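Okay, so here's the structure we're looking at.
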Amino acid sequence: MSSCGTGNPGGRAEPGRISTSSPRMLVPVHDRAALLRVRPHLGRLTAACRRYGLLGCFVYVPPVGDRPGAARMFAPAIGVDEDVANANSTGCLAAHLLDTTGAQTVAIEVEQGDTLGRPASVLDSARRGPAGITTRVGGLAVVRDGH
């Protein structure tokens, strides 16, 4: 956990490895203030991702009720210190929440990119079906001229 920069995550959920394609670490934190304080050690995170075959570390505050969640994705092993918005990891989170709650469907919104000055919202739903859990991803972003 120290390479992700979270210290003690402080969330109710435990960190875990999950994948809808490339595996990544999902790390829950207690609230948005804790999320903003995350400062990963990029060298150690790169080494850990390479050692364990991970894409990166998705640190998140889960959505609660109608309040969207929030997240930050760090993937320095593939050249992305922090991603503005990572829909694939949000899909992993939706699948994880579906799996851990036992629900048949889950729909979430996760805000990302605030720390980079490029806010975005990723919308995801997950459902159980005969072939297992499937996810559907969409999102909202502001496109600015000159950026």
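Not measured: the values here are computed from a predicted model.
Considering only residues two or more places apart in sequence or on other chains, D99 meets the side chain to side chain contact (heavy atoms under 4.5 Å, CB included) condition with R128, I133. Looking at residues two or more places apart in sequence or on another chain, you find a salt bridge (Lys or Arg N to Asp or Glu O under 4.0 Å) between R32 and E111.
Between N88 atom CG and T135 atom OG1 the span is 7.5 Å, to the nearest 0.5 Å. Taking NE2 from H41 and OG1 from T46, the interatomic distance works out to 9.5 Å, rounded to the nearest 0.5 Å. Annotation: the span from L35 atom CG to T115 atom OG1 amounts to 7.5 Å, rounded to 0.5 Å.
Inter-residue side-chain proximity for F74 and D81 is flagged as unmet; no heavy-atom pair is nearer than 4.5 Å. With a 4.5 Å cut-off on side-chain heavy atoms, I78 and L55 count as touching. Two residues are said to be in side-chain contact when any heavy atoms from C-beta on lie closer than 4.5 Å; V38 and R72 meet this criterion. Residues Y60 and P28 are in side-chain contact: their nearest non-hydrogen atoms beyond the backbone lie under 4.5 Å apart. Side chains of L97 and I108 form a contact here, defined as non-hydrogen atoms less than 4.5 Å apart.
Between the D124 side chain and the G91 main chain, a donor and an acceptor come within less than 3.5 Å of each other. Here the side chain of R136 pairs no donor or acceptor atom with the backbone of T134 at under 3.5 angstrom.
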Mind running side chain to side chain donor-acceptor pair (under 3.5 Å) on S89 and Q112 for me, showing each step along the way? CA-CA 11 Å; S89 292; Q112 300 174 43; over 6 Å; no
